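Here is the structure we will look at, set down as structure tokens.
Below, chain A is the first sequence line, B the second, and so on; all start at residue 1. Owing to the predicted nature of the structure, the values given are computational and were not obtained by experimental measurement.
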Amino acid sequence: MSYWLMKSEPETYSIDDLVAQPRKTDHWDGIRNYQARNFMRDQMVKGDLAFFYHSNCAEPAVVGMMEIVGKAYPDHTQFDSQEKYFDPDSPSDNPRWLMVDVRFRRKFSNIVTLRAMKAEKRLSDMRLVQRGNRLSILPVSDREWRHILKMAGEV
DNA sequence: GCCAACGTTGGC
DNA sequence: GCCAACGTTGGC
């Protein structure tokens, strides 16, 4: 089992939006980056844990935790021309884009800001804290996971 | 297969 | 709103 960090813009979809879902579970659609897709397709398994990260906002931060409900399956929004993430070139018999279902676990009382993570020497290898990072799903090592939990006051 | 142009992400 | 980083596209 692995650990992950998954980004979402809170104005579009925040951790509170996930909490508001039935069974606090939702699908994580809209991933349109091959590397992020490959992580979902090849490495995510049921029971994996992921940080919920708020990006592109006033205070970018890890705000909570969720679990991966099951393995990746086709993202239906790629086939809907009304959708922002419509992809006319995706073959219907071999869908290009996948998504996973996620279930809310907890919100951190102390969110862990990007700024705070950048100040941690122990986290300096994380792709998240490196300059120019644009990947919306990132693997998190065991050590990084524990360290961020500690920063969140969760340990 | 190279690489310039272009589009998107996301911190600031 | 700016702009650096970087992924994708398409002409050659």
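The nucleotide whose nearest atom lies closest to any side-chain atom of A/Ser136 is, among B/dG10, B/dG11, C/dG7, B/dG10.
Where A/Arg134 and A/Asn56 each meet DNA chain C at their nearest nucleotide, the meeting point lying more 5' is that of A/Asn56.
Taking atom CD of A/Gln130 as the reference point, atom P of B/dG10 lies 15 Å away to the nearest angstrom. Residue A/Leu138 contributes atom CG, which lies 12 Å from atom P of C/dG7 at whole-angstrom precision. At whole-Å resolution of the value, CD in A/Gln35 and P in B/dT9 are 15 Å apart. With rounding to whole Å, A/Arg32 atom CZ is found 13 Å from C/dT9 atom P. We find that CG of A/Leu114 is positioned 6 Å from P of B/dC12, with the value rounded to whole Å. Taking atom CG of residue A/Asn33 and atom C1' of nucleotide C/dT8, one finds them 11 Å apart after rounding to whole Å. Atoms CH2 (A/Trp97) and C1' (C/dG7) sit 10 Å apart, rounded to a whole Å. Rounded to whole Å, atom P of C/dG7 lies 10 Å from atom CG of A/Asn133.
With 3.5 Å as the limit, one finds no donor-acceptor pair spanning the side chains of A/His54 and A/Glu9. Checking A/Arg32 against A/Thr77 by side-chain atom types alone, a donor-acceptor pair falls below 3.5 Å.
Between A/Tyr34 and C/dC6 there is no side-chain N or O to OP1 or OP2 distance below 4.0 Å. Of the side-chain N and O atoms in A/Lys7, none sit less than 4.0 angstrom from OP1 or OP2 of B/dT9. An OP1 or OP2 oxygen of B/dC12 is reached within less than 4.0 angstrom by a side-chain nitrogen or oxygen of A/Lys118.
A/Arg96 comes within 4.0 angstrom of no nucleic acid atom, judged by non-hydrogen atoms across all strands.
In this structure, A/Arg96 places its CZ atom where more than 12 heavy-atom neighbours from other residues, nucleotides or ligands lie under 6.0 Å away.
Separation of the A/Tyr73 and A/Trp97 ring centroids does not fall under the 6.0 Å cut-off. Here the two rings, on A/Trp4 and A/Phe51, have centers that are 6.0 Å apart or farther.
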